[in-house]
> 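So that we are looking at the same thing, I have put the structure below in structure tokens.
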Number of protein chains: 2
Amino acid sequence: MAETRELTKNQALVFGVLSKADGPLSAYSMLDQLREHGFRAPLQVYRALEKLVEFGLVHRLESINSFVACTHPHDHSHGLIAFAICETCGAVDEFSDEIVEQRLTGWSRNNNFQLAKTTIEMRGVCANCSSA
Amino acid sequence: MAETRELTKNQALVFGVLSKADGPLSAYSMLDQLREHGFRAPLQVYRALEKLVEFGLVHRLESINSFVACTHPHDHSHGLIAFAICETCGAVDEFSDEIVEQRLTGWSRNNNFQLAKTTIEMRGVCANCSSA
DNA sequence: ACCTATAATGTAATAACATAACGATCAGGA
DNA sequence: TCCTGATCGTTATGTTATTACATTATAGGT
């Protein structure tokens with residue numbers, strides 16, 4: 001069981017918006033949704049996101065400049081996470097793969113590369129969209 | 001042996017800048033370098049880059065909003081390419097891994113995800129920088 | 001309660017990255 | 001020649017992210 005973390009007001013607002021969304025959101029779209037709650041500037045969103053990512057509650061999707069609430073916020077076991085992003089509906093699937101992780105950490109070890117962070121993002125069309 | 005492709009003037013200029021660089025460059029830094037050659041607008045760079053990426057001569061690094069000349073422009077065998085990006089010196093190492101590719105295409109098949117493009121980018125500190 | 005250090009916030013301005021829209025130009029094939 | 005498709009030039013605009021600086025809130029020690 002992961003400990004519950006106390007979020008600040010802004011962090012809670014941003015996390016709330018992201019959690020209610022059914023897919024990734026850009027920082028600016030979150031800002032728009034939060035204007036009625038007093039948000040005025042991008043930095044209010046970016047600062048909250050920075051912390052939420054740090055806490056492991058939110059992931060940043062580099063390839064689409066967006067953010068998504070973590071699907072498995074209580075599972076701290078996975079070191080590396082891969083994402084499958086549907087280019088049609090925007091849905092994001094999040095998964096871990098031990099083998100992939102081993103291969104990449106192996107490469108890093110062999111090449112004396114001090115690995116800090118790995119991004120794996122697959123883009124394509126999800127099952128729902130391709131069957132429709 | 002890969003066929004040699006005829007690049008247009010702008011494509012050749014952009015590719016030249018990127019090839020001479022010892023690491024990734026942003027579109028705007030290329031634009032700055034090409035102003036003396038008559039470039040005036042970002043689109044001139046972005047349009048050339050789009051083609052160069054399509055030709056397989058250039059890769060886009062999503063996590064750092066930059067572009068890098070392909071290290072193995074004549075090797076069309078690799079389907080998936082991973083990058084190791086040094087956060088200290090900016091150097092980029094490019095490699096392929098069959099196993100990783102199999103795992104990710106396997107996941108896609110199992111989940112009926114029609115995979116179009118995969119991004120794998122590792123950030124950390126390269127051998128040179130960590131020994132220094 | 002009071003001080004203090006740290007974290008979080010508010011705000012304005014600007015930097016950095018990327019594309020839309022439109023028209024002109026150029027090259028190759030019918 | 002005429003058509004067609006790709007490329008190019010240019011302006012404007014859209015989108016994403018950060019710098020800088022002042023202020024406020026919070027937790028911990030005394």
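First the proteins, then the strands, lettered A, B, ... as listed; each starts at 1.
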> B:Arg47 or B:Ile64: which one's nearest nucleotide on DNA chain C is closer to the 5' end?
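Looking at the nearest nucleotide for each, B:Ile64 comes out on the 5' side.
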> Which nucleotide in the set D:dT7, D:dT18, C:dT9 lies at the smallest distance from any side-chain heavy atom of B:Gln11?
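Of D:dT7, D:dT18, C:dT9, D:dT7 is nearest to the side chain of B:Gln11.
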> CG of A:Leu52 versus P of C:dA7: gap in Å, rounded?
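Rounding to the nearest Å, CG of A:Leu52 and P of C:dA7 are 17 Å apart.
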> B:Asn10 and B:Phe39: side-chain contact (heavy atoms from CB on, under 4.5 Å), yes or no, with the steps?
CA-CA 9 Å; B:Asn10 285 3; B:Phe39 275 46; 3.5 Å; yes
> Answer yes or no: does a side-chain N or O of B:Ser26 lie under 4.0 Å from OP1 or OP2 of C:dC17?
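Checking B:Ser26 against C:dC17: at least one side-chain N or O falls below 4.0 Å of OP1 or OP2.
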> Could you tell me whether B:Ala41 contacts a base, only the sugar-phosphate backbone, or nothing, with contacts defined as non-hydrogen atoms closer than 4.0 Å?
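Counting heavy atoms under 4.0 Å across all strands, the contact made by B:Ala41 includes a base.
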> B:Lys51 side chain: which of C:dA18, D:dA20, D:dT7 is closest?
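Out of C:dA18, D:dA20, D:dT7, the nucleotide with an atom closest to B:Lys51's side chain is D:dT7.
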> Would you say the side chains of B:Thr119 and B:Arg60 form a donor-acceptor pair under 3.5 Å?
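No - no donor-acceptor pair under 3.5 Å links their side chains.
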> Please confirm whether the shortest side-chain N or O distance from B:Lys9 to OP1 or OP2 of D:dC8 is below 4.0 Å.
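For B:Lys9, the contact criterion (side-chain N or O under 4.0 Å from OP1 or OP2 of D:dC8) is not met.
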> Nearest-Å distance, CG (A:Leu49) to C1' (D:dT18)?
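Computing the A:Leu49:CG to D:dT18:C1' distance gives 14 Å.
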> Do the side-chain N or O atoms of B:Thr8 get closer than 4.0 angstrom to the phosphate oxygens (OP1, OP2) of D:dC8?
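Looking at the OP1 and OP2 atoms of D:dC8, one of them is under 4.0 Å from a side-chain N or O of B:Thr8.
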> Rounding to an integer number of Å, can you tell me how far B:Met30 CE sits from C:dA16 C1'?
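In whole Å, C:dA16 C1' and B:Met30 CE are 14 Å from each other.
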> Of all the nucleotides listed (C:dA21, D:dT18, C:dC17), which has the minimum atom distance to the side chain of B:Tyr46?
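Within the option list, the nearest is C:dC17.
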> Is B:Leu57 reachable from B:Leu13 through a run of hydrophobic residues whose side-chain heavy atoms are each under 4.5 Å from the next?
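Both belong to a single hydrophobic cluster.
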> Would you kindly give the CG-to-P distance between B:Leu7 and D:dT7, to the nearest whole Å?
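Atom-to-atom, B:Leu7 to D:dT7, this comes out as 11 Å.
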> In this structure, how many angstroms lie between the P atom of C:dC22 and the CG atom of B:Leu43, rounded?
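Going from B:Leu43 (CG) to C:dC22 (P), I get 14 Å.
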> Just by distance, do the side chain of A:Glu94 and the backbone of A:Ile81 share a donor-acceptor pair under 3.5 Å?
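Side chain of A:Glu94 to backbone of A:Ile81: no pair is present.
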> Can you tell me the distance, in whole Å, between the CG atom of B:Leu25 and the C1' atom of C:dC17?
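Rounded to the whole Å, the gap is 15 Å.
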> On DNA chain D, compare the nucleotides closest to B:Gln44 and B:Asn65; which residue's is nearer the 5' end?
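Result of the comparison: B:Gln44.
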> Has A:Gln44 got a side-chain atom pairing as donor or acceptor with A:Ala41's backbone, closer than 3.5 angstrom?
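Yes, A:Gln44 side chain to A:Ala41 backbone: donor-acceptor pair under 3.5 Å.
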> If I take atom CG in residue B:Asp32 and atom P in nucleotide C:dC17, what distance separates them, rounded to the nearest angstrom?
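In whole Å, C:dC17 P and B:Asp32 CG are 10 Å from each other.
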> Whole angstrom is fine here: how far is it from CD in A:Glu62 over to C1' in D:dA17?
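The answer, rounded to whole Å, is 13 Å.
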> Between A:Ser66 and B:Gly38, name the one whose nearest nucleotide on DNA chain D is closer to the 5' end.
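The answer here is B:Gly38.
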> Stacking between A:Tyr28 and the base of D:dT15 (centre distance under 5.5 Å, interplanar angle under 30°)?
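No.
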